[in-house]
Protein chains: 2
Amino acid sequence: MVGIVDVAKKANVSTATVSRVLTKPETVRETTTEKVLKAIEALNYQPNLLARQLRRLETNTILVVVPDITNPFFSKVLRGIEAVAVANGYQVLLGDTGNDVEREKGYLNILQQKKADGMVLLTARMDAAAVEEVARCFPVVLACEYIEGSRIPTVSIDNISGARKAAEYLIDLGHVRIGCITGPLDIVLSRDRLKGFYQAMARKNLIVDPVLVQEGDFSFDSGFNLMMKFFALGQLPTAIFAASDDMAMGVIKAIKSKGLKVPEDISVLGFDNLKFSSIFEPGLTTIAQPAFEIGEKAMELLMKLINKEEVKREQIILADQLVVRESVRTI
Amino acid sequence: MVGIVDVAKKANVSTATVSRVLTKPETVRETTTEKVLKAIEALNYQPNLLARQLRRLETNTILVVVPDITNPFFSKVLRGIEAVAVANGYQVLLGDTGNDVEREKGYLNILQQKKADGMVLLTARMDAAAVEEVARCFPVVLACEYIEGSRIPTVSIDNISGARKAAEYLIDLGHVRIGCITGPLDIVLSRDRLKGFYQAMARKNLIVDPVLVQEGDFSFDSGFNLMMKFFALGQLPTAIFAASDDMAMGVIKAIKSKGLKVPEDISVLGFDNLKFSSIFEPGLTTIAQPAFEIGEKAMELLMKLINKEEVKREQIILADQLVVRESVRTI
DNA sequence: GACAATTTTGTAATCGATTACAATCCAAGT
DNA sequence: ACTTGGATTGTAATCGATTACAAAATTGTC
């Protein structure tokens, strides 16, 4: 493999000069620069970034930890992150945890091992203390999720108000007996959406039947199964708020499988606004999260941390939006 | 930051010994090992992987170049890759090209720059010669796509026979006037699927109306628009073979928008078998690609290349499968 | 207890760049 | 011609680990 010394030799200059041509061209005389560039060209030299990074103590790489890259919501956030990263000359190391807390923990080491300059977490199921500890020493930002009582910079929507908005919409349309299918309750964000649901019900003086609140795992299947459970229990609400579009679609499939119709017989409202939510029939009424923008903002925040710039607002809340389609009707 | 010398000092041994404890524990005496581990523990030492990698000239990282991570098909392949990668102690650097050939080229350098030990390309739109050149010096495998006439190891399905199978299925069901919506024809794989379509038509002695062959870009929108074009031209086939499920769904949406029904009025057959294809209504009849497995196999192949093991079969063809649902009917 | 064989540990070179500091060059000013 | 100061260039230290080789320690044998 051709190294900087080969180039230096060929161009008849020192390695320092070659290095300077590559990194601070303004400090070397034009004629020399040309000689060096010619040599680089001739030898097809590519600098070994490992060496540079070791010397500079920076990798120009950031780590993104995702619970499941297969989930279109997360992949869209990731794309937002990636866009800003490459624009700043950074590369993205991908950490898919497959929803496994242990693997999630494992990725924390990567920063200490200097394989990345910073990281954005799209999941924070693990030990909050461990994350805090790492965040004290390295640039870390949370996206989508957050850690209660932590000062780690965060980008997300306001899940409580988003869910409240969703539930109030149902209530305002005359629904009284409303079911809620939540995400896994060991995740803050799931608890927040549930909390928003409760708040809306309380504000409008409606009681929530505990049987109609069921814990899912954000997946299509869990939505389907929990709806079937409602049927089995003979406890039918007139509307259901599902904490993810995936689950909402599962719910609708279940309803259809029983020969009922959405929204005529039961209304369903989701959360996320995936691309498929508009293709699905009926079109899903849902709370839209600006996935791509969450990613962008998170990465911008991370860049600031890495560059040790001042970060004023540490918790960025982006606007969510109720997207009305056809899966909810007036009672 | 605490380095190996700090540990060595604390444990009262040389840096060599510390290093050995970490990498070849069997060569150091038990009591020493303990001392060292205690020091490591006490100082919370984490080795700087950059330094190790520079010395060893390996990164334990592989690069995956994807045209669009947001596409669920690719993210599933990626997941297969990732699974095998972590199982082998490798990390995944993500390169999303956003379907941009220039960015695709840019990623080729990463290997020469020693930021990754190998790469798997899920897209190969760029200059074949450039890829070949890199592949001559570094471990590279292609997944899904391939380069004509190249000996670069490849994992994919047989797109020609897959498409032929699809078209023959339609023909056997009595369809004669069949439309085909292809992927971008600058991609081999799109051309292959089109070729398979032609082969099937020829074998059964059917003529294909050139108006009914239109070039899409794999997206939902292009499927929708091209179907609308068929309507506008007044050229309706009884069945359409779309080269991706996304496009197939677009086609179906367009058909529905005209008040017609699938499969009653027009049959539609897709390609990929995305998760949504079974949720969509009507359930999509489609050619299933083993996305996760393609990723796994590709990464296994790459591991072999990296470890300089013998690679016997360089072109791995995985089995595709016709999945029959409700979007196609007998004429 | 002496010696050889073996195990364990230490010293210092090394990976391939960057960069502090020193040396050299060159043009302008006197 | 001789300084002088800024622009260029070179020398060698450095980043933080690994590892070849040498040295020291241990074990076994007679």
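When the P atom of dT14(D) is taken as reference, atom CE of Met1(B) falls 20 Å away, rounded to whole Å. Going from atom NZ of Lys114(A) over to atom P of dA17(D) covers 10 Å, rounded to whole Å. Atom pair Glu30(A):CD and dA7(D):C1' shows a separation of 14 Å (rounding to whole Å applied). If you take CG of Leu54(B) and C1' of dA13(C), they are 13 Å apart, rounded to a whole angstrom. Per the geometry, CG belonging to Leu22(A) stands 16 Å off C1' belonging to dT9(D), to the nearest Å. Rounded to an integer number of Å, the gap from Leu50(A) CG to dT18(C) P is 12 Å. Between Asn48(A) atom CG and dT14(C) atom P there is a gap of 17 Å when expressed in whole angstrom units. Taking atom CD on Glu58(B) and atom C1' on dT14(C), their separation rounds to 16 Å, with Å as the unit.
Look at Thr17(B) and you'll find a side-chain N or O under 4.0 angstrom from OP1 or OP2 of dG10(C). OP1 or OP2 of dT19(D) lies within a sub-4.0 Å distance of a side-chain N or O belonging to Lys24(B). Side-chain nitrogen and oxygen atoms of Thr32(A) include at least one within less than 4.0 Å of the OP1 or OP2 phosphate oxygen of dT9(D). Here Arg56(B) reaches the OP1 or OP2 of dT19(D): one of its side-chain N or O atoms lies under 4.0 Å away. OP1 or OP2 of dT18(D) lies within a sub-4.0 Å distance of a side-chain N or O belonging to Arg52(B).
Taking Asn109(A) as the reference, Gln112(A), Gln113(A), Gln46(B) meet the side chain to side chain contact (heavy atoms under 4.5 Å, CB included) condition, with sequence neighbours excluded.
Atom CD of Glu309(A) sits in a crowded spot, with more than 12 heavy atoms from other residues, nucleotides or ligands closer than 6.0 Å.
Residue contacts shown for Val13(A) are limited to sugar-phosphate atoms, with no base heavy atom under 4.0 Å away.
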Requested in this report: For the pair Tyr90(B) and Leu302(B), evaluate side chain to side chain contact (heavy atoms under 4.5 Å, CB included) and give the outcome as yes or no after the intermediate values.
Outcome: CA-CA 11 Å; Tyr90(B) 275 71; Leu302(B) 188 60; over 6 Å; no
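Distance from the side chain of Arg20(B) is smallest to dA20(D) among dG10(D), dA20(D), dG16(C). Checked against dT8(C), dT18(D), dT11(D), the side chain of Arg29(B) finds its nearest nucleotide in dT8(C). The side chain of Thr15(B) sits closest to dA12(C) out of dG16(C), dA12(C), dG16(D). Between dT11(C), dG16(D), dT11(D), one nucleotide has an atom nearer to the side chain of Ala16(A) than all others, and that is dT11(D).
The closest side-chain heavy-atom distance from Glu132(B) to Ile152(B) is below 4.5 Å.
Closest non-hydrogen pair, Ser190(A) versus Phe218(A), comes out as OG-CZ, 3.4 Å.
No hydrogens or angles were tested; on distance alone, nothing pairs the side chain of Arg55(B) with the base of dG16(C) as donor and acceptor under 3.5 Å.
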